[in-house]
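Working notes, beginning with the structure itself.
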Amino acid sequence: MSDMSQTTSREDRPEKSKFIYPVISIGALFLLWWAAIKVFSIPAYVLPTPEATFAAIIEDWPELWSGFLVTGQVFLFGFIIGSVSGFLLAICMANSKLLNRLLYPIMIVSQAIPVIAIGAALVIWLGFGIAPKLVIVALVVFFPVLVNVLDGLNTVDKDMLDLTKAMGASWFMTFKQVQLPATYVPLFSALKMSATFSVTGAVLAEQTASSQGGLGQYMMAQASRLNTQGTFAAIILFAAMGLIAFFLVSIWEKASTPWRRKAIVPTRRRFTAAHATSASTSSAAQR
Amino acid sequence: MSHKLNIENVSKQYAGTYALAPTNLTVSDGEFITIVGPSGCGKSTLFNIISGVLNPTEGDVLIDEKDVTNAPGHVGYMMQKDLLLPWKSTFENILLGISLTRKASKEEQERAATLAERYGLGTFLNNFPHTMSGGMRQRAAFLRTLMFNKDVLLLDEPFGALDSQTRFSMQQWLLDVWSEQRRTILFITHDVEEAVFLADRVVVMSPRPGRIEEIIPIEIERPRERGILTSEAFIAYKRQILDLIYTDPDRSDHE
């Protein structure tokens, strides 16, 4: 593979060095937090120090962790339901002008209604179980995914579709090889945004349709007792949840869209030189 | 030579007006036809009908005496835009015509790689298209058309977006490939020089309604080199075609 090195670009450098920047910036954020408390002598019941917050996390870890899992579950499944349904509906709408015209206004109206307001109604309909919470998180994710995937499908050149038609391709093959990959870039933009939005959705869901054991509920309980450290402990875990989700989506994105950062296709897709040289010597001029 | 492609009385109407008036054209096997004409003369309509993407209002398209009217998948088609898929490598793009219908066999894969090597894309085989120049991308698009493995190739201004130097080297490249691969080519261009340089016959089309104005056989020997561009015969053909294009009965405002 030595001939491949010719096009090694800046982006192909080892990933390791990139991790240093977020570590520095988040570290600086904690430092700023800490410094602000010292400089302005902010009392602990208004804003706890980072170390007090981490102490609170460690102290109450079993309860926080189980809350993290409960909320994480709502977050994860809501995220999946919302993005899958947004994605599927986008495909239907892209393939049917009628459906597109009929549904688009409804989609926009649905976004104009505050999620909280829907949440109250959902509790009435679905009770206090996991169902209304999943719906709330899914609703938060659904719209950005739908709009971005629709955009992606519409960026496919009409001439490209004529070409695949002239090549005798079926609808499914054209979809799979031409239209679907065109949605990846906008889809992942939407998923990255949604990864953080859905945490908000999960908190909202627990406040509206609160049942037992979630991190959002933990936070509200601490806040009502004016336990600022406990409240911040929950906030830190929410941030961690959003970060983890964002990070996972980013990794997935990089694996799915290599053409955006690389010059050469991933190894398993390469046509190896061994084949090519043996073939070129023999049957080059013949057809 | 036998007839490869017959266009018999083909026409296309939109809302009662002709985009393409009834048109007849017979193309021999291995012939290189170029088509020139102002916009609105029905060139692209004709191509869309031949490729089976568009259904003609009347008339038939025959390849090897077989009716292929409104049946896609019988000709190779290439446009001004290279339409390479950014997420596929050059190699995968060249194989697109096959991979859209089935999995490419080992032989087909090797043939694609051989073609790419032979025609100057060997080092780009596993590259994504965004790493390649415009000329290289058009080569890949043409090889994709070749690999689709049809005898008749429709090229719709394939070099229209290239700078003039790249364009000239691409014309020579195309003639090399054509002389080795023996396909029948129909080639739309705006460039009269390009039309004469490449063609066995130049088809001049006119608008309102879109129709074939005249067909001019180019009797200049092959292989053709750059030198012929300034030869007397070449310039005479060029003048004849320019006169046909710009002598429009509807307008007298040209000098």
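Small disclaimer: the values here were computed from a predicted structure and weren't measured. Within every chain, numbering begins at 1; the chains are lettered A, B, ... in the order of the sequence lines, protein sequences first and strands thereafter.
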Can you give me the closest heavy-atom contact between [X] and [Y], atom names plus distance?
X: Ala166(A); Y: Tyr77(B); answer: CB-CD1, 4.0 Å
X: Lys262(A); Y: His130(B); answer: O-NE2, 2.9 Å
X: Leu100(B); Y: Met167(A); answer: CD1-SD, 3.9 Å
X: Asp157(A); Y: Lys81(B); answer: OD2-NZ, 3.0 Å
X: Pro72(B); Y: Lys165(A); answer: CB-O, 3.1 Å

_Contact class of Asp159(A) relative to chain B, heavy atoms under 4.5 angstrom_ =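 Both backbone and side chain.
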Quick one: what part of [X] sits under 4.5 Å from any heavy atom of chain A, side chain, backbone, both or neither?
X: Phe91(B); answer: side chain
X: Thr145(B); answer: neither
X: Leu83(B); answer: both
X: Lys150(B); answer: neither

*OG1 on Thr131(B) to CD1 on Ile264(A), rounded to 0.5 Å*: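 Output value for this atom pair is 7.5 Å.
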*What is the distance from atom CZ of Arg270(A) to atom CG of Leu125(B), rounded to the nearest 0.5 Å?*
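Taking CZ in Arg270(A) and CG in Leu125(B), the distance rounds to 11.5 Å.
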*Sort out for me which of Gly168(A), Pro181(A), Ala182(A) touches chain B most, counting heavy-atom pairs under 4.5 Å.*
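So the answer, after comparing Gly168(A), Pro181(A), Ala182(A), is Pro181(A).
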*Might you confirm whether atom CH2 of Trp171(A) has over 12 heavy atoms from other residues, nucleotides or ligands at distances under 6.0 Å?*
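Yes, because the 6.0 Å sphere around CH2 of Trp171(A) holds more than 12 heavy atoms from other groups.
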*Residue Gln13(B) excluded, over 12 heavy atoms near CD under 6.0 Å*: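 Yes, because the 6.0 Å sphere around CD of Gln13(B) holds more than 12 heavy atoms from other groups.
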*Pairs of heavy atoms under 4.5 Å with chain A: top-ranked of Ala116(B), Ser51(B), Ser89(B)*: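 Answer, by heavy-atom pair count under 4.5 Å with chain A: Ser89(B).
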_Treating Trp87(B) as the side-chain partner and Gln177(A) as the backbone partner, does any N or O pair qualify as donor plus acceptor under 3.5 Å?_
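Yes.
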_Can you tell me how the ring of Trp259(A) sits relative to the ring of Phe128(B), calling it parallel under 30°, perpendicular over 60° and tilted otherwise?_
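Aromatic pair Trp259(A)/Phe128(B) classed perpendicular.
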